[in-house]
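Just so we're on the same page: letters track the sequence lines, and every chain starts at 1. Bear in mind that the values here come from a model prediction, so they are computed numbers and not experimental data.
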Amino acid sequence: MNTPKRYLITAALPYANGLKHIGHLAGAYLPADIYVRYLKAQKRDVVFVCGSDEHGTAIPIQATKEGTTAQAIIDKYHPIIEQNFKDLGIAFDIYHRTSDPLHHETASDFFKNLEAKGDLETKTTEQYFDEAANTFLADRYIKGTCPSCGHNEAYGDQCEKCGKTLSPEELINPVSTLSGKAPIKKETTHWYLPLNRHEEFLRDWILKDHAHDWRAAVVGQCKSWIEGGLQPRAVTRDLDWGIKVPVKGGEGKVLYVWFDAPIGYISATKQWALNNNKDWAPYWNDKETKLVHFIGKDNIVFHCIIFPVMLKLNGHILPENVPANEFMNLEGDKMSTSKGWSIEMDDYINKWIKKENGGPALADSLRFYLTAIAPESKDSEFTWKGFQESVNGELVSIFANFVNRTWVLMHKLCNSKVPKIHTEFLDSEDLALAQSVKDTTDKVTALLEQYKFREAQFEVINLARIGNQYMQKKEPWILAKNIDTDPTAQAKIDNCMHGCLQLCANLAILVNPFLPFTAQKMCHLMKVVDRMLDWENAGKFDLLKVGYTLRAPELLFRKIEDEEIEAELAQLQANLKAKKITMENTIPTEAANTETTGTLKPEIVFDDFGKIDLRVGTIVEAKKVEKADKLLELLVDLGFEQRTILSGIAMHFKPEDIVGKQVTIVANLAPRKMRGIESKGMILMAEDAAGKLYFVSPSEAIAAGSSIA
RNA sequence: GGCGAGGUAGCUCAGUUGGUUAGAGCACAGGAUUCAUAACCCUGAGGUCCCGGGUUCAAAUCCCGGUCUCGCUACCA
């Protein structure tokens with residue numbers, strides 16, 4: 001394998017609508033950072049880019065929720081996220097943002113070029129239009145009842161209650177948030193990226209060329225998409241938050257966020273080039289550049305299918321690999337900021353790193369554990385107990401302890417200087433130690449090149465373990481007792497300590513990509529400059545000069561105490577509760593806000609209400625609809641007749657549990673076919689803040705068919 | 001429901017193209033030691049390789065069926 005001329009490494013752009021948690025860190029940023037630090041130690045030409053993704057519909061939505069502007073949201077989160085990464089040692093060469101004019105220009109040009117070359121298609125479809133406001137309604141300007149959970153304030157692109165991705169057409173009773181009127185359907189034109197034209201290319205490139213050097217999950221998912229038949233994908237939206245469509249007919253439209261966001265990697269590179277007086281172009285256009293995207297598994301399709309097509313069309317290079325990680329769970333459950341079940345990077349930094357007994361060592365402690373349990377091949381799980389055991393048992397006891405005992409002994413037995421080697425006393429143990437260092441270097445290098453960070457880190461720790469074993473066999477402290485009687489004792493001590501010290505120097509080099517703060521501290525202890533950490537020095541056994549005085553021992557890490565772990569676990573439960581209460585409290589708040597935000601449904605007169613025929617019905621039969629996860633087929637007794645009604649509640653109720661229930665039915669709703677079954681009516685449901693559904697039932701059992709007014 | 005990836009020791013994970021007795025670290029137990037952050041070192045115990053079939057002289061590995069977890073996707077009036 002020949003060495004690429006240069007590298008361009010990207011980590012998924014964090015969406016700037018909130019804080020990011022340690023799952024994100026473990027998924028993309030930390031492995032990317034390790035890889036980049038390794039490449040830089042190899043003195044490769046490498047640029048590590050990232051930045052905030054600041055467009056898309058969720059950000060204006062967030063703004064509405066917080067009673068502020070989209071700009072204010074991104075201006076709030078961008079710097080926090082950027083600083084969080086710094087505090088955790090994620091060393092981007094540039095942390096850019098997609099709201100930057102340079103990015104607008106880059107994305108705009110990208111689109112124009114594709115459009116001019118005929119690589120895009122336009123399609124005219126019917127979209128919701130607000131006649132009163134005389135404008136097309138972007139997804140976020142349409143509210144209605146979520147078809148998934150029944151939440152009545154769902155937006156046209158997503159229901160915030162259940163998180164379901166929606167399209168406006170799916171909303172029940174859609175209403176414009178601008179005028180409060182029901183929107184009409186009107187034709188609008190949008191640009192599409194015809195992925196179907198590139199099926200052959202993708203098939204060859206992924207399924208042939210990269211079938212074996214990409215991770216199984218990545219190839220598998222791409223295969224699933226390609227074999228499923230690729231469809232043209234809309235690249236524009238009727239929205240005002242984002243990058244204006246820069247061609248004729250694009251008025252009032254912006255680039256769809258998925259189209260603009262990955263181009264952010266390119267704009268970030270451009271900005272970096274400007275800052276450093278470099279040329280950005282070779283990093284994206286020269287075949288000798290190796291491009292690697294670090295992402296989480298939810299992002300595979302964009303980085304392996306869609307963006308590569310865009311890159312190819314625009315004349316850029318393609319990623320050499322996309323080492324997507326699986327997800328990291330937390331104490332038995334999925335991580336979720338909105339549910340309060342997560343550890344935000346910001347939280348960890350404030351609670352551990354910025355404490356008196358914290359410091360950057362605690363950033364490395366977290367990095368160590370996250371890498372030790374990195375979800376490289378399957379979902380993994382963060383537990384505080386695991387964090388404690390991993391840090392105390394391996395990082396402190398094996399690695400840091402070896403460095404510490406080496407330092408203490410060297411000061412006690414070698415006059416605080418690097419002792420000289422007495423070749424006449426060198427034995428097979430000494431030679432084996434030097435060989436282990438070389439072997440480990442080779443292993444770690446190979447593993448890093450294969451993106452196997454977990455295993456690579458393990459090998460580094462293992463080298464410290466070898467150091468402990470070596471010292472145990474040599475027992476310099478025993479030799480020291482006999483120093484008066486054994487004339488060879490000091491020479492043997494010198495040899496042992498010399499070996500241990502050279503091993504420490506190597507450990508600093510090898511551990512540097514994983515634990516950069518620790519490597520720095522080791523350099524400080526050794527009184528050497530950063531250049532010693534160059535990868536080419538790994539495996540050498542003459543890094544510390546004989547006679548050189550080293551600094552007094554200092555602990556590299558502290559142990560994690562039981563009480564700290566208990567406090568974190570308690571905090572986690574408290575967060576969960578607090579979040580629930582917040583969510584419950586937001587219901588009246590949201591209701592109160594509806595008037596000011598214009599989202600209240602239009603006023604109706606009594607006659608309108610009278611049009612709805614509400615009845616009490618009794619569920620007499622219930623069964624799951626085949627091939628549908630959410631649908632239940634219900635037979636409801638209305639007294640005068642029994643009819644079939646479909647309801648999307650299968651995730652919430654078991655069929656056998658709801659037979660006999662009295663429920664409220666919209667009896668005169670137009671019939672609708674779903675999954676081949678006709679539904680005649682609709683069951684009314686109430687929903688609490690946690691998303692749990694409740695039947696709306698009369699307080700006491702009454703005759704089926706009774707009307708409601 | 002479709003597709004993809006997983007299910008191996010209490011925990012976190014390895015197990016190349018099928019090939020002796022399925023491995024490592026942590027945790028645990030016993031021993032040894034004291035330079036070191038009660039750290040290190042040595043030894044040990046631990047597994048129905050998710051379940052059920054099949055192919056084979058031989059299956060954790062290949063094939064079929066089932067089941068659980070996660071992701072993408074469909075379904076929601």
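If you check B/rU20 for Watson-Crick or wobble pairing at under 3.5 angstrom, you find it has no partner at all. Base pairing analysis places B/rA32 opposite nothing; no Watson-Crick or G-U wobble pair with both distances below 3.5 Å involves it.
Distance check on atom P: B/rA22 versus B/rA38 gives 39 Å, rounded to whole Å. Look at the C1' atom in both B/rC28 and B/rU12: the space between them is 16 Å, to the nearest Å. Taking the P atoms as reference points, B/rG46 lies 36 Å from B/rC64, given to the whole Å.
If you check B/rC35, B/rU37, B/rA5 against the side chain of A/Gln472, the one that comes closest is B/rC35. For A/Val408, the side-chain atoms get nearest to B/rC35 when compared with the rest of B/rC40, B/rG25, B/rC35. Listed nucleotides B/rC35, B/rA5, B/rC40 differ in distance to A/Asn401; the shortest reach to its side chain belongs to B/rC40. The side chain of A/Asp298 sits closest to B/rC72 out of B/rC72, B/rA39, B/rA36. Taking only side-chain atoms of A/Phe458, from C-beta outward, the nucleotide of B/rA5, B/rA24, B/rA36 with the closest atom is B/rA24.
Between the side chains of A/Asp494 and A/Gln490, at least one donor N or O lies within less than 3.5 Å of an accepting N or O. Side-chain contact, A/His210 with A/Asp213: a donor N or O sits under 3.5 Å from an acceptor N or O. For the residue pair A/Asn321 and A/Arg215, no side-chain donor N or O sits within less than 3.5 Å of a side-chain acceptor on the partner. Residues A/Asn462 and A/Arg465 have side chains that bring a donor and an acceptor to within less than 3.5 angstrom of each other.
Between A/Lys559 and B/rA38 there is no side-chain N or O to OP1 or OP2 distance below 4.0 Å. Taking only side-chain nitrogens and oxygens, A/Gln221 never comes nearer than 4.0 Å to OP1 or OP2 of B/rC3. Put simply, A/Arg465 has no side-chain N or O that comes within less than 4.0 Å of OP1 or OP2 on B/rC42. Proximity of A/Lys297 to the phosphate of B/rG4: no side-chain N or O atom is located under 4.0 Å from OP1 or OP2.
A/Phe557 comes within 4.0 angstrom of a nucleotide base, judged by non-hydrogen atoms across all strands.
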Could you run down the sub-3.5 Å N/O contacts of the protein with nucleotides 13-15 of chain B?
{"unit_1": "B/rC13", "atom_1": "O3'", "unit_2": "A/Arg454", "atom_2": "NH2", "d": "2.5"}
{"unit_1": "B/rA14", "atom_1": "OP1", "unit_2": "A/Ser377", "atom_2": "OG", "d": "2.5"}
{"unit_1": "B/rA14", "atom_1": "OP1", "unit_2": "A/Arg454", "atom_2": "NH2", "d": "2.9"}

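In this structure B/rG46 sits in the syn conformation; its chi angle is within 90° of 0.
Distance, A/Trp384 CH2 to B/rA27 P: 19 Å, rounded to whole Å.
Under the 30°/60° scheme for interplanar angles, the aromatic rings of A/Phe382 and A/Tyr369 are found to stand perpendicular.
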